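Read through the structure below, which is laid out as structure tokens, and then see the notes.
Everything numeric here is computed off the predicted structure, so don't read it as measured data.
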Amino acid sequence: MDQVLASLERVVAELEAGDLPLETALQRFEDGVRLARRGTTLLDAVEQRVEVLLEGRDEVVPFPGAGEAEESDDDDENF
């Protein structure tokens with residue numbers, strides 16, 4: 001996973017620099033999309049393994065970061 005992330009970061013840096021010819025930039029963008037999809041696949045596999053390991057526990061243990069986007073700012077008003 002670390003290699004995928006490092007490669008993706010290099011692609012992003014190259015594209016952000018804006019020094020690439022159009023055809024090369026397009027190729028690097030396609031590489032980035034493939035890397036991002038690979039990273040997502042790896043993360044999904046890890047999440048499934050964690051869920052299997054936690055299966056059978058009596059308490060719910062949410063996956064870190066899960067549901068953060070769903071929380072509203074209204075909760076902060078109660079404090």
Side-chain angles (χ1 to χ4, degrees):
M1 180 65 188
D2 291 337
Q3 286 180 316
V4 172
L5 185 57
S7 296
L8 186 55
E9 288 174 344
R10 278 192 300 275
V11 168
V12 169
E14 290 175 11
L15 290 171
E16 286 179 340
D19 298 333
L20 300 173
L22 180 59
E23 191 61 36
T24 304
L26 180 58
Q27 180 62 47
R28 297 305 289 153
F29 178 79
E30 290 172 350
D31 294 343
V33 169
R34 277 192 289 278
L35 288 165
R37 288 181 180 155
R38 176 69 179 141
T40 299
T41 300
L42 290 170
L43 287 174
D44 288 345
V46 169
E47 184 175 1
Q48 287 176 351
R49 288 178 63 191
V50 169
E51 288 175 359
V52 167
L53 291 171
L54 296 178
E55 195 172 277
R57 290 180 61 152
D58 292 337
E59 60 188 72
V60 174
V61 180
F63 197 74
E68 287 180 1
E70 298 173 17
E71 293 179 14
S72 67
D73 293 326
D74 295 338
D75 294 337
D76 295 337
E77 293 176 6
N78 295 332
F79 294 107

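Take Ser7 and apply the side chain to side chain donor-acceptor pair (under 3.5 Å) test, not counting sequence neighbours, and it matches Arg10. In terms of the side-chain contact (heavy atoms from CB on, under 4.5 Å) criterion, residue partners of Thr24 (sequence neighbours excluded) are, by chain and number, Leu20, Pro21, Arg28.
To the nearest 0.5 Å, the span separating CD on Glu9 from CD on Glu16 amounts to 10.5 Å. Once rounded to the nearest 0.5 Å, the distance linking CG of Leu26 with CD of Glu30 reads 4.5 Å.
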Distance-only donor-acceptor pairs under 3.5 Å for side chains of residues 34-43, two or more places apart:
{"residue": "Arg34", "atom": "NH2", "partner": "Asp31", "partner atom": "OD1", "Å": "2.7"}
{"residue": "Thr40", "atom": "OG1", "partner": "Ala36", "partner atom": "O", "Å": "3.0"}
{"residue": "Thr41", "atom": "OG1", "partner": "Arg37", "partner atom": "O", "Å": "3.0"}

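In terms of hydrophobic clustering, with Ile, Leu, Val, Met, Phe, Trp and Tyr side chains grouped at heavy-atom distances under 4.5 Å, Val33 and Leu5 are assigned to different clusters.
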